[in-house]
Each structure stands twice: as structure tokens, then as C-alpha cells.
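Working notes, structure below.
Lettering follows sequence order; numbering is per chain, from 1.
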Amino acid sequence: MSSELEARVRQVVVRVAKLPPEKQEVPPEADLFRDLGVESTAALDLLLSLEEEFNVSIPDDKFGDARTVRSLAALVGALIT
Amino acid sequence: MTFTLALPKKVDADLAADVEKQAPYASPHVRRLRVNADRASVEVELEEGADAAEVRGKVERYLTTMVSKYRALDRKELYRHERRDRAPYATGVYAELKRRGWVVELGRGQVALAGPALNCYRAVDDMCVALGHSRFGASDEIYPTLIPTDILGRCGYFTSFPHTVSMVTHLVEDFDLIEEFRQANAKAPPLTVPRREALVTPEACLSPAVCYHCYQAIEGRTLAERGHVVTSVGRCFRYESKNITGLDRLWDFTMREIIFVGTEAMVTARRLEAIEAAKAQMELRDLDCTIEGANDPFFSAAYATKTYYQVRSDLKYELRLAVEPGADGEARSIASASFNLHENFFGKTFTITAADGQPAFTGCAAWGIERWVLAAFTQHGFEAARWPEPLRAQIFG
């Protein structure tokens, strides 16, 4: 998976979750909700924003299992290829 | 007077039910809101003398906020029990309980219980206490009816459920204002509040749930390997507006909880065990029910986002007991217990550390006891012979 894709996913995460500057690096394997403290209320916004950014339809069950930037990028990558 | 409004988009059955349920909070002038069969529009019935234009604006904003961002998810059904007793449900159960003096209405959403209804209430609570002690080794705690507003605020209650909160105020310590109040209320009710400024901003609320107290009580603690398991019962208060009815939807009701605090693995496993135990309770007490995925009644903008996360993450299951059909003949059930995970939200909020060094996970099993009384009399009727043991002996002696 391209690091470019991860970077784009990371940008969406940072924007939607309104992460403070010190957290914007977002390690690719960090659990967004548990480790980074992304609010649960941001999950739906994150899903809708990723769908818009990459013009894909993301299945809810797969989105539910993808809790890191890396797994989200893998999910999006599989849908756009 | 009625009018029809188009919904921002078509809704599923779950959202339709919640849109109807929360509609009384859009305006006091909404008598009733029904989602039409097409699930694409609603029929709004107004109280007499309402300003239709003003109410329409409020209802439109309410619908837009509830519906626009909502994303439908399938709800899992974990369990279904069908009664061995095939006799029909009793009808007019609440009226019959009142006629027999086993339920006495004391105010809106406030009841007294007596006789077999009280015995049933105790039997259900005893069942939950026994489960807490024998299966989970829970210790007993008792909490206040009041809860500080800053605690509820930290728990996110005012952003998630502001519509149901019951705040406790009192007169400001001011001789003139108290004297004015005293004189204004020297005669018969209703209560008169001569000046709003005589009431202080509430520093406490009536507890809407039992478990918040438990988390507050262990704030800052690091837990041992076995975690922290408590059982407690308390009066809980949720203002249900025009939805207040019978024993189904009281303002002041009783909640028994078993509360789990510990590592993710421990809390997740205990919640599953509680669900399994609930199934066994149903087999023994022979009540028609389901256990299925659910969401809390989040308000306004919190509804779509929090419901999505809660359902998608399997954070809430409800045990729904069947009760008599509604006026339209449709089958009805009421959520009578819930099995909840909160992930590490309360662990972080109250700085509770689990044995693995991580913010503690929390979960709870909660029973709304008056609803069990209603459902049990609906399904087993008023003849003792029809009730299964051990309920029969506990309730009718």
C-alpha cells in the first residue's frame, strides 16, 4: 500500500478528528479511538469524509474493524482498485 | 390541526421509532408526530392554539438534525425466547393493576407499588442481586439519589441526553426572595415561582443511571487483577415528556445494575456472561423476549454520530419483553434490561487504571424493574396458577 494513500487518509483523520498539532503525526498502527483519543462521535464523520475524499462506498462492518490509519488506507485502497 | 412534512431522506424502522419518540421535545405544542408508511414523510398533530409556523420551523430543524446524517445499520438479534404458556396476553394490564390497588399513581410518571406487583418487583430485583453475587462476586453499594451536575457533565450527559435530565434547584438564600415565595404559595397549589432569579442554577441533578456513581467513587484508583464489580439499585429519573405512560415509561423508576470495571478482556467477558445469564433467567421465568442490538436515546446532533458508533461497535444490547399490542394492533415490546460497554470512556474520565496499566474499561448490566412488573403480568396474567415457579411462590405466596 502506498505511503501516499496513508498520508491522504491521515490528513482526513486529522481534519475530521480536529487533532491538536502534537498528535497530527498519527502513528499508522495507533488505534484512533483508544490510543489517540478520537471521539466516538467522529467515527461517522470520518466514514463520510473518507467516502467523499476517495469517491468510494465503504461497508460499515469493514470500517468498524479498521481503527488505524494503516487499516483504513488498506480498506480504501482495496475499494479504489 | 395537522400538517405533513417531507423527511430529508427515507428512514428505516429504527430511526422512524426514535424520530417519533423524541418528537415531543421539538416543541411543547406538538401533540403527536407519526412517520408515514412511506417512511419519507411525517404527520404532525398540534395542540390547540399553537402557532403553526413557529412549530413547523422547530420540527423541520429537529427532523433535519436527526435524519440527515443518520446511517442505517443492521441490528443483531442475539436471542429470542417464546413462552411455553400459549395463553393470550392479558389486556388493560396497567388499568387492572391500578384497579386492584397494586399500582397507585402518585404523580406524572410516579407510582407506588403494593401487593403482588411489589412482590414481583422484589422478585426481579432479588434475581439480579443473586446473579451479581453468585456469578460475578459483586459487592453491594448504595448511592445517593442526587448526582452533582459537574459529574453528569463530565460523563457527557448534557450533550447526549439534555432532554431527559431532571435538575434539582432550590431557593436562593435571600430572605426577601424566600418570603415572597412563601407568601405567593400561602394558598392552595399550583406552585407559584414569583421570580425565576429566586431559583439557583442547579448544582445537582436526579440520577439518570446508577453506574455513574460507581465510577466517580473509584476516581483516581488503580485496580487489582480481578477488577471492580459492584451491584447497586437506585431510583433513576428521566424526563419523558408526553411519552410518560403507565409502567412502561415512568419519570421516576428503579434500576438495578451490575457494574464491571477492569481490563478490556475482563469487562468484555463479563458483559457476555451477563447476557448468557439473562437468557437463563428468561427460560426459567418463561417470558417472550428478544435480546438485540440497540442505541441510547441520544439527542439532536449527537443522535446520528453516537448511534452509529454504538451500534457498529456492538456497545449496547437490550432485552426487550413483549407487552400487549398497541391501539393499532401492532406487536409491542419494551426494553427491560440492557448490557452495555463504554470502552475506556469512564476510565479516562475518572482516571481509573486497570491492572494492565491502561485506562479501565467499564460495562454494566441494568434492569428497569417496573417494566418487568408490567411485562410479567401481561404475559402471565392475574391467575397465580399460570405463573411459572419460582415466580408464582414469590409473588402470590
Side-chain angles (χ1 to χ4, degrees), chain A residues 9-20 22-76 78-80, chain B residues 9 12 14-15 65-76 154-161 263-265 267-268 293 295-296 298-316 340-349 351 354 356-362:
Chain A
V9 168
R10 182 179 291 110
Q11 282 174 3
V12 174
V13 168
V14 166
R15 187 182 74 238
V16 171
K18 299 184 179 71
L19 292 179
E22 68 274 14
K23 285 191 174 175
Q24 291 186 1
E25 279 301 309
V26 189
E29 296 290 357
D31 186 303
L32 300 179
F33 302 98
R34 201 168 302 164
D35 302 333
L36 290 176
V38 174
E39 296 280 341
S40 60
T41 49
L44 179 57
D45 289 326
L46 178 59
L47 171 62
L48 298 175
S49 297
L50 288 169
E51 288 187 334
E52 189 181 336
E53 172 76 17
F54 295 100
N55 195 26
V56 292
S57 179
I58 302 175
D60 294 290
D61 55 341
K62 293 204 164 92
F63 177 69
D65 294 336
R67 297 171 63 103
T68 66
V69 164
R70 180 149 294 163
S71 55
L72 284 170
L75 174 57
V76 169
L79 292 167
I80 57 179
Chain B
K9 63 184 181 191
D12 66 359
D14 296 311
L15 178 56
T65 311
M66 285 284 283
V67 173
S68 296
K69 249 167 79 173
Y70 178 82
R71 185 153 167 139
L73 290 171
D74 288 335
R75 310 293 173 106
K76 291 176 190 163
R154 288 167 67 191
C155 294
Y157 205 84
F158 300 131
T159 51
S160 290
F161 314 108
T263 62
E264 177 179 6
V267 172
T268 305
N295 60 277
D296 283 313
F298 301 111
F299 189 71
S300 180
Y303 180 81
T305 54
K306 293 202 169 184
T307 294
Y308 180 78
Y309 189 79
Q310 193 174 40
V311 174
R312 191 206 68 184
S313 307
D314 289 333
L315 298 182
K316 186 177 193 73
N340 308 286
L341 289 178
H342 319 113
E343 300 189 316
N344 59 13
F345 175 77
F346 292 112
K348 284 182 170 174
T349 300
T351 324
D356 59 4
Q358 298 298 310
F361 268 58
T362 62

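The environment of A:D31 atom CG is dense: over 12 non-hydrogen atoms of other residues, nucleotides or ligands sit within 6.0 angstrom. No more than 12 heavy atoms of other residues, nucleotides or ligands lie within 6.0 Å of CD in A:E39, so this atom counts as exposed by the packing criterion. When the shell of 6.0 Å around NZ of B:K9 is examined, it contains more than 12 heavy atoms from other residues, nucleotides or ligands. Other residues, nucleotides and ligands contribute at most 12 non-hydrogen atoms within 6.0 Å of the CG atom of A:N55. A:E25 CD: 12 or fewer foreign heavy atoms inside a 6.0 Å radius.
Of all the heavy atoms in A:I58 and B:R71, the pair that sits closest is O-NH2, 2.9 Å. Closest of all the heavy-atom pairs between B:K69 and A:L44 is O-CD2, 3.3 Å.
From A:L46, atom CG reaches atom OH of B:Y309 across 11.5 Å, with rounding to the nearest 0.5 Å. Taking CG from B:N344 and CG from A:D35, the interatomic distance works out to 9.0 Å, rounded to the nearest 0.5 Å.
You'll find the side chain of A:R34 reaches within 4.5 Å of the side chain of B:E264, heavy atoms only.
With a 4.5 angstrom heavy-atom cutoff, B:K348 touches chain A only via side-chain atoms. Neither the backbone nor the side chain of A:D61 has a heavy atom closer than 4.5 Å to any heavy atom of chain B. Using a 4.5 Å cut-off between heavy atoms, B:A301 makes no contact with chain A at all. Neither the backbone nor the side chain of B:Y303 comes within contact range of chain A; no heavy atom of the residue lies under 4.5 Å from a heavy atom of that chain.
Note on A:D60, A:T41, A:L47: by heavy-atom pairs under 4.5 Å with chain B, the leading option is A:D60.
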